[in-house]
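Read through the structure below, which is laid out as structure tokens, and then see the notes.
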Amino acid sequence: MFMNATRLTRCRGSTLIEILITIVILMVGLLGLAKLQGVATAAQTEAYQRSQAVVLLKDMADRINANRANALDYVTASPLGTGNGVQDCSALTGQALDSCEWNNALLGTTEISGGTEVGAMIGARGCIYNTDASEPREFMIAVAWQGLYPTSTPTSVACGLNSYGGQALRRVVTMTITIAKLN
């Protein structure tokens with residue numbers, strides 16, 4: 001009878017240890033799942049910002065194509081968007097209207113949710129370069145913004161250079177368009 005009581009006491013203690021180990025393993029798994037959720041949210045935000053940048057690139061390319069005779073007027077001396085503030089475009093026409101509206105779109109004024117402008121990237125800047133002045137002319141449109149995590153440094157374009165607290169946080173997408181000679 002004495003042996004059975006000792007055996008029961010040992011079993012009770014080992015069950016408690018097994019439960020504690022199970023709880024620790026479960027906690028490590030839940031912490032890993034929480035970190036995965038955070039990384040997935042950041043990746044989703046980065047993807048959203050990149051898609052917004054591509055939409056803005058295509059928008060400006062369409063504007064330049066629609067006003068081919070004045071394509072050189074679209075070249076920017078300094079970036080549009082962050083740092084310029086929202087502008088009143090109501091009295092403008094042609095290239096000035098297009099640049100004004102693009103500036104405002106870079107600042108997020110095109111999408112509003114609950115009274116807040118949400119349609120742009122963090123610190124969005126837009127630049128237009130004339131990369132080939134001979135006929136047919138080539139233009140490079142660039143949109144730069146601040147990413148959430150450091151990645152490789154973009155080297156091909158100066159748009160937004162030294163504006164985001166480290167080049168590894170700067171994101172840039174570009175598009176090259178060709179404007180044929182007008183007769």
Side-chain angles (χ1 to χ4, degrees), residues 42-113 116-183:
Q44 178 184 10
T45 301
E46 290 268 355
Y48 174 76
Q49 290 185 357
R50 183 170 301 277
S51 67
Q52 286 297 108
V54 170
V55 166
L56 291 171
L57 279 176
K58 183 65 177 152
D59 175 51
M60 184 47 78
D62 291 345
R63 290 171 186 263
I64 293 171
N65 273 322
N67 193 1
R68 294 169 161 262
N70 300 310
L72 281 174
D73 295 339
Y74 286 87
V75 175
T76 56
S78 61
L80 298 175
T82 299
N84 292 322
V86 176
Q87 301 170 2
D88 179 14
C89 306
S90 60
L92 302 174
T93 60
Q95 175 276 330
L97 175 64
D98 290 341
S99 292
C100 181
E101 289 178 344
W102 199 50
N103 177 75
N104 293 345
L106 286 163
L107 295 172
T109 61
T110 56
E111 288 186 42
I112 298 175
S113 175
T116 304
E117 297 166 348
V118 296
M121 299 75 61
I122 300 169
R125 290 173 172 82
C127 306
I128 302 170
Y129 305 100
N130 183 353
T131 56
D132 188 356
S134 63
E135 299 289 344
R137 289 195 170 95
E138 284 189 6
F139 297 88
M140 182 189 314
I141 305 165
V143 174
W145 71 97
Q146 179 179 332
L148 300 176
Y149 296 105
T151 61
S152 62
T153 303
T155 57
S156 62
V157 179
C159 191
L161 192 63
N162 300 320
S163 299
Y164 302 109
Q167 294 311 306
L169 289 174
R170 181 173 70 117
R171 308 289 190 268
V172 179
V173 292
T174 63
M175 175 186 287
T176 302
I177 62 170
T178 303
I179 304 295
K181 182 179 179 180
L182 297 173
N183 293 331

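None of these values were measured; they are calculated from a predicted model.
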Intermediate values then yes/no, side-chain contact (heavy atoms from CB on, under 4.5 Å), D132 and R137 | CA-CA 5 Å; D132 188 356; R137 289 195 170 95; over 6 Å; no
Please lay out, stage by stage, how M121 and L56 fare under the test side-chain contact (heavy atoms from CB on, under 4.5 Å).
-> CA-CA 11 Å; M121 299 75 61; L56 291 171; 3.9 Å; yes
Determine, step by step, whether Q95 and I64 satisfy the side-chain contact (heavy atoms from CB on, under 4.5 Å) criterion, reporting the C-alpha distance in whole Å, the side-chain angles of both residues, the deciding distance to 0.1 Å, and the verdict.
-> CA-CA 8 Å; Q95 175 276 330; I64 293 171; over 6 Å; no
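Here P136 pairs with T178 under the side chain to side chain contact (heavy atoms under 4.5 Å, CB included) rule; sequence neighbours left out. Take V75 and apply the side chain to side chain contact (heavy atoms under 4.5 Å, CB included) test, not counting sequence neighbours, and it matches N130, F139. For the side-chain hydrogen bond (donor to acceptor under 3.5 Å, both in side chains) test, residues two or more places apart in sequence or in another chain that qualify with R170 are Q167. Partners of E101 by side chain to side chain contact (heavy atoms under 4.5 Å, CB included), not counting sequence neighbours, listed by chain and number: R63, C89, L97.
Here the CZ-OG1 distance, from R171 to T153, works out to 9.5 Å after rounding to the nearest 0.5 Å. Rounding to the nearest 0.5 Å places OG1 of T174 at 10.0 Å from OH of Y129. Considering CG of N84 and CG of N103, their distance stands at 5.0 Å, rounded to 0.5 Å.
You'll find the side chain of I128 reaches within 4.5 Å of the side chain of W102, heavy atoms only. Counting only heavy atoms from C-beta outward, the side chains of L106 and R125 never approach each other to under 4.5 Å. Here the side chains of L107 and T82 are in contact, with some heavy-atom distance below 4.5 Å.
Nearest heavy-atom pair, D98 versus M60, reported as atom, atom and distance to 0.1 Å: O-CE, 3.9 Å. Listed here is the closest heavy atom pair of Y74 and S99: CD2-OG, 4.4 Å. Between L92 and C100, the closest heavy-atom pair is CD1-CB, 3.6 Å.
Side chain of N104 to main chain of Q87: a donor-acceptor pair is present (N/O by atom type, distance under 3.5 Å, no hydrogens or angles).
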Please tabulate, for the side chains in residues 140-149, all donor-acceptor contacts under 3.5 angstrom to protein atoms that are two or more places apart in sequence or on a different chain.
unit_1: W145; atom_1: NE1; unit_2: Q49; atom_2: OE1; d: 2.9

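Within the structure, the disulfide bond (SG atoms under 2.5 Å apart) test picks out the following pairs touching residues 121-157 (sequence neighbours left out): C127-C159.
Side-chain contact check for N65 and D62: no donor-acceptor pair (N or O, by modelled atom type) lies under 3.5 Å.
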